[in-house]
Amino acid sequence: MTRETAAPEPGRDFIRDIIDRDIAAGRNSEVVTRFPPEPNGYLHIGHAKAICLNFGVAQEYGGRCHLRFDDTNPVKEEQEYIDAIKRDVRWLGFDWGTHLHYASDYFERLYDWAEHLINAGRAYVDDLPAEEMRMMRGTLTEPGRNSPYRDRSIAENLDLFRRMREGEFPNGARVLRAKIDMAAGNINLRDPVLYRILHAEHPRTGAKWCIYPTYDFAHGQSDAIEGVSHSLCTLEFEDHRPLYDWLIENLPVPSRPRQYEFARLNLNFTVLSKRFLTQLVSQGRVSGWDDPRMPTLAALRRRGVPPAAIRDFVRSVGVARANSTVDIAMFEHAIREALNRIAQRRMAVLRPLRILIDNYPPGVSEELEAVNNPEDPACGRRRIPFGRELYIEQDDFIEDPPKGFYRLSPGREVRLRYGYFVTCRDAVKNAAGEITDLICTYDPATRGGNAPDGRKVRATLHWVSAAHAARAEIRLYDPLFNRPDPGAAGDFFADLNPNSLDVLTESRLEPALADAVVGEAVQFERQGYFCADLDSAPNHLVFNRTVGLRDSWAKARGGAG
RNA sequence: UGGGGCGUAGCCAAGUGGUAAGGCAGCGGAUUUUGAUUCCGCCAUACGGAGGUUCGAAUCCUCCCGCCCCAGCCA
């Protein structure tokens, strides 16, 4: 739906270079990737990068991408998250076809492979309590020490491991460890835990298991089972690659996947830590995972961000190996770019100031024609009621205007968009000296917005007819944090922006907006892109501001908007 | 003082020995019935630093500096 815009170039990066080489070298007959979320929270914009990369690459190379839940830790995972993740990936525009998988689908095979390792003398059951195991692991600069249980016989290991599975032991009593090298510089190779005892209900396998494979033992093997050719993950797993490879090499797996790491996405003024986002939700600092201020896909959707904007943004950011923090302005740019093309224009007055057209006949109204979207003539036109009493934006009138301000002020003439030229004759004030109304006159000859005598005005204002306007609540959002690097001073919560949500309750909309479809983007002229919120009802309209329009006037006068 | 990575403009990011793409932001200007959009122009003698190799180095070598990740029975 993006008009004639040429298909966006896929974007080149080191991952695609690697795939090109692998194909040229005949290493892979097909490209198979996977997006492997753990269902312990909602997907956010950072995940979008991984999703677009994995699904995008598969599409470009005519391969496939699986959606695989990495559900190996039942104490943190929930069905609600599984459902939400599927919904969000689909919404982002990707299709896993028949390839919806779960690491838990492979628990039986993984178990067999664990015994295989035991039989090969490459894994053992360790009785060390977690605390002691930690102490014996050594430090970053000192090697670890072998567990006293490291040299148990294969038979004893097998017996113990089977009894672990049978549920004979309590949580934490024993683990299965790979026998690699306690002196390895890479700590992941110091006899990593492969299985732990967890008497917990699993969202999918229920009570069938009481031992669960760790990420390291499940991930690579799942890749191999599914025939994944390129297992793409973020940088922090780089140190795990030697273990990933060790397991693949020591197990009778059906294929040879390879892991490649890329830098995760970071955004300024934003936190993309599942742990922290979970706290925001559980502590009620936001209304939920889909609170429009959240960086989650569910929240972006509710806020009105189209999936195409997220895809374009992710593509513009690129894929590399250097840690980086992208300016949130780049994301906003992608949103505006997408919305400018598709959003129909409407007029809405956020903070109303009533004006009376003194020389306009009372009790009369007329309809004026407006363009729905100047970027897309196919969107047609609509009629807007005009009358003697109107609302304009409070910001569009200043009694004593500063230099550079060319909107309305006493004695000045401006255009009401698609309407008439009006001149302000007087500002009516209340006892407190606040302006309550403006008295204006209009020029009947300027109907539609042009003066036959060629007279020009400097400004065009949006407006709404008081007699026909719909009332609405409008929610304006600002970043959740008031510093670009939240948490840098030690406490994320201390950096929360207390003004991240501004609720306007007196806003007035042109009548057509009463029929706005929830979630559908619309541009409020001169203001920004908005959409009706989930909370909106016919008798109580609620709109979210997705993103504001660029505002060089606000910028020129120093920010405050 | 262990292991693994990464340093190209304010922010992302191409570049893989032949003389620094592109985007965002910013700054000028044109058009404009949205101070929007669109359009035009400007914005790294310079690639973390210092040496070296070479006719030629962001790209190769050496040393140095800085930043990130790893000591979960989380992923």
Side-chain angles (χ1 to χ4, degrees), chain A residues 11-13 17 36-38 40 70 72-73 75-76 126 128-130 133-135 137-144 171-177 183-190 192-198 211-212 214-216 218-219 233-242 261 263 265 268 274-275 313 315-334 336-337 340-341 345 347 370-371 374-375 404-407 415-419 421 448-450 456-462 484 523-528 548-556:
Chain A
R12 293 306 313 177
D13 51 66
D17 288 345
E38 182 190 12
N40 66 344
D70 232 323
T72 57
N73 185 358
V75 321
K76 290 187 175 178
D126 196 342
L128 244 32
M133 196 184 293
R134 183 170 58 75
M135 290 192 306
R137 187 154 24 233
T139 68
L140 294 179
T141 53
E142 305 158 28
N171 288 357
R174 289 179 225 265
V175 294
L176 181 73
R177 290 227 258 175
N186 182 339
I187 291 174
N188 293 298
L189 262 20
R190 319 240 264 228
V193 171
L194 267 23
Y195 266 92
R196 73 283 212 197
I197 299 171
L198 248 29
I211 59 172
Y212 292 91
T214 55
Y215 162 84
D216 287 306
H219 200 89
C233 62
T234 45
L235 253 23
E236 65 269 28
F237 291 100
E238 190 160 13
D239 291 341
H240 292 246
R241 193 173 60 224
E261 312 84 18
L265 173 69
N268 58 13
K274 262 199 221 174
R275 175 177 148 66
F313 166 65
R315 180 166 39 75
S316 77
V317 156
V319 181
R321 287 179 60 87
N323 288 313
S324 61
T325 300
V326 175
D327 193 330
I328 192 78
M330 231 194 243
F331 184 38
E332 293 179 348
H333 170 80
R336 291 192 190 101
E337 192 172 54
N340 177 50
R341 293 192 304 260
R345 272 60 173 176
M347 292 204 283
V371 170
E375 302 291 323
F405 179 87
Y406 50 75
R407 273 109 94 150
R415 170 170 40 233
L416 293 181
R417 177 147 237 227
Y418 300 122
F421 282 14
N450 285 304
K456 300 292 184 199
V457 289
R458 199 65 197 287
T460 299
L461 310 186
H462 60 281
Q523 184 195 99
F524 289 179
E525 298 222 26
R526 303 209 306 136
Q527 295 287 179
L549 252 26
R550 288 184 62 194
D551 187 348
S552 56
W553 164 243
K555 197 186 309 173

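Order of the sequence lines fixes the chain letters, A, B, ..., with proteins taken first and strands second; residue numbering starts at 1 for each chain.
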> Atom CZ of A/R315 and atom P of B/A14: how far apart are they, to the nearest Å?
Replying inline: 14 Å

> Can a side chain N or O of A/R526 be found less than 4.0 Å away from OP1 or OP2 on B/U37?
Replying inline: no

>> Can you identify which nucleotide, out of B/C74, B/G35, B/G2, has its nearest atom closest to the A/N73 side chain?
In response: B/C74

> If the P atom of B/C63 is compared with that of B/U1, how far apart are they to the nearest Å?
Replying inline: 15 Å

> Contact class for A/Y406 vs. all strands (heavy atom < 4.0 Å): base, sugar-phosphate, or nothing?
Replying inline: base

>> Taking the C1' atom in each of B/G15 and B/A44, what is the distance between them to the nearest angstrom?
In response: 14 Å

> In chain order, what residues pass the side-chain contact (heavy atoms from CB on, under 4.5 Å) check against A/V193, with sequence neighbours excluded?
Replying inline: A/M133, A/V175, A/R177, A/T214

> Can you tell me if the side-chain N/O atoms of A/R275 get under 4.0 Å from OP1 or OP2 in B/C74?
Replying inline: no

>> Measuring from the side chain of A/R134 (C-beta onward, heavy atoms only), which nucleotide among B/G72, B/G35, B/A25 has the closest atom?
In response: B/G72

>> Expressed as a whole number of angstroms, how long is the span from A/E261:CD to B/C68:C1'?
In response: 14 Å

>> Suppose we screen for side-chain hydrogen bond (donor to acceptor under 3.5 Å, both in side chains). Which residues come up paired with A/E38, at least two apart in sequence or across chains?
In response: A/N40

>> Quick check against the 3.5 Å criterion: does A/N323 have a side-chain atom that pairs as donor or acceptor with the backbone of A/A263?
In response: no

> For B/G51, which nucleotide is its Watson-Crick or G-U wobble mate, given both distances must be under 3.5 Å?
Replying inline: B/C61

>> Categorize A/P143 for me: base, sugar-phosphate, or nothing, with a 4.0 angstrom heavy-atom threshold over every strand shown.
In response: nothing

>> Please report the distance, rounded to the nearest Å, between CD in A/E142 and C1' in B/C70.
In response: 15 Å

> If the sugar-phosphate is the primed atoms plus P, OP1 and OP2 and the base is the rest, what is the B/S/- string for nucleotides 26-31 of chain B, using protein heavy atoms under 4.0 Å?
Replying inline: S-----

> Of the nucleotides B/U34, B/A36, B/A25, which one has an atom closest to the side chain of A/Q523?
Replying inline: B/U34

> With a 4.0 Å cut-off on heavy atoms, is A/F405 in touch with a base, just the backbone sugar-phosphate, or nothing at all?
Replying inline: base

>> Under a 3.5 Å cut-off for both contacts, is B/C6 paired Watson-Crick or G-U wobble with anything, and if yes, with which nucleotide?
In response: B/G66

> Rounded to the nearest Å, what distance is computed from the CG atom of residue A/N340 to the P atom of nucleotide B/U34?
Replying inline: 13 Å

> Taking NZ, NE, NH1 and NH2 as the nitrogens, is one of them in A/D17 or A/R12 under 4.0 Å from a carboxylate oxygen of the other?
Replying inline: yes

>> At under 4.0 Å between heavy atoms, how does the protein contact nucleotides 5-13 of chain B? Give one character per nucleotide, 5' to 3', with B, S or -.
In response: SS----BSS

> In whole angstrom, what separates A/L198's CG from B/A75's P?
Replying inline: 9 Å

> For B/G3, does OP1 or OP2 lie under 4.0 Å from any side-chain N or O of A/T141?
Replying inline: no

> Taking only residues two or more places apart in sequence or in another chain, which ones pass side-chain contact (heavy atoms from CB on, under 4.5 Å) with A/V317?
Replying inline: A/L265, A/F313, A/V326, A/M330

> Considering only the C1' atoms, how many Å lie between B/U59 and B/G18, rounded to the nearest integer?
Replying inline: 11 Å

> How far, in whole Å, is B/G5 from B/C42 if one measures between their C1' atoms?
Replying inline: 37 Å

> Distance between the P atoms of B/C12 and B/G48, in whole angstroms?
Replying inline: 14 Å

>> Please enumerate all residues that pass salt bridge (charged side-chain N to carboxylate O under 4.0 Å, His left out) together with A/E236, with sequence neighbours excluded.
In response: A/R264

> Among B/G35, B/G3, B/C69, which nucleotide sits nearest the side chain of A/E236?
Replying inline: B/C69

>> Whether the side chain of A/H462 and the base of B/A36 hold a donor-acceptor pair under 3.5 Å is what I'd like checked.
In response: no

>> Among residues at least two apart in sequence or on other chains, which ones pass side-chain contact (heavy atoms from CB on, under 4.5 Å) with A/P143?
In response: A/A183

> Which is true for A/Y418 with a 4.0 Å heavy-atom rule: it touches a base, it touches only sugar-phosphate, or it touches nothing?
Replying inline: base

> Looking only at atom types and distance, does a side-chain atom of A/N188 sit under 3.5 Å from a main-chain N or O of A/D239, one as donor and one as acceptor?
Replying inline: yes

>> Regarding A/P192, tell me which of base, sugar-phosphate or nothing describes its non-hydrogen contacts under 4.0 Å with the strands shown.
In response: nothing

> To the nearest Å, how far apart are A/E337 CD and B/G23 C1'?
Replying inline: 10 Å

> So which one's nearest nucleotide on RNA chain B is more toward 5', A/N186 or A/L128?
Replying inline: A/N186

> A/N450 near the nucleic acid: base, sugar-phosphate alone, or nothing, with a heavy-atom cut-off under 4.0 Å?
Replying inline: base

> What about A/D239, does its side chain sit under 3.5 Å from the base of B/G3 through a donor-acceptor pair?
Replying inline: yes

>> For A/P374, give me all partners under side-chain contact (heavy atoms from CB on, under 4.5 Å), at least two apart in sequence or on another chain.
In response: A/R345, A/V371

> Measuring from A/L176:CG to A/R196:CZ, what's the distance to the nearest 0.5 Å?
Replying inline: 12.0 Å

> So what does A/H219 hit on the nucleic acid, given a heavy-atom distance under 4.0 Å: a base, only sugar-phosphate, or nothing?
Replying inline: nothing

> Which residues satisfy the ring-ring contact (aromatic ring centres under 6.0 Å, His included) test with A/Y215, sequence neighbours excluded?
Replying inline: A/H219, A/F237

> Paired with B/G41: which nucleotide, if any, by Watson-Crick or G-U wobble criteria at under 3.5 Å for both distances?
Replying inline: B/C27

> Just checking, is any N or O donor in the side chain of A/R526 or A/H462 under 3.5 Å from an acceptor N or O on the other one?
Replying inline: yes

> From B/A71, B/C74, B/G35, pick the nucleotide closest to the side chain of A/I187?
Replying inline: B/A71

> Does a side-chain N-to-carboxylate-O contact under 4.0 Å join A/R137 and A/E142?
Replying inline: no

>> Once you apply a heavy-atom cut-off of 4.0 Å, does A/R345 come out as touching a base, just sugar-phosphate, or nothing?
In response: base

> Is B/G10 in the syn or the anti form, by the rule that syn lies within 90° of 0?
Replying inline: anti

> Any donor-acceptor pair under 3.5 Å between the side chain of A/Q527 and the base of B/U34?
Replying inline: no

>> Is A/R137 close enough to B/G72 that one of its side-chain N or O atoms is under 4.0 Å from OP1 or OP2 there?
In response: yes

>> Need the pair for B/A14. Rule: Watson-Crick or G-U wobble, both distances under 3.5 Å, any strand; none if unpaired.
In response: none

> At under 4.0 Å between heavy atoms, what does A/G528 touch on the DNA or RNA strands: base, sugar-phosphate, or nothing?
Replying inline: nothing

>> Taking the P atom in each of B/A50 and B/A46, what is the distance between them to the nearest angstrom?
In response: 11 Å

> How long is the gap from CZ on A/R550 to CD on A/E332, to the nearest 0.5 Å?
Replying inline: 11.5 Å

> Using the rule for Phe, Tyr, His and the six-membered ring of Trp, do A/Y215 and B/A75 stack at under 5.5 Å and under 30°?
Replying inline: no

> Of the candidate nucleotides B/U34, B/A75, B/G35, which contains the atom at the shortest distance from the side chain of A/W553?
Replying inline: B/G35

>> How many whole angstroms separate atom CZ of A/R190 from atom P of B/A71?
In response: 11 Å

>> From OH of A/Y212 over to P of B/A75, roughly how many Å is that when rounded to an integer?
In response: 12 Å

>> Return whichever of A/T214 or A/K456 has its heavy-atom-nearest nucleotide of RNA chain B closer to the 5' end.
In response: A/K456

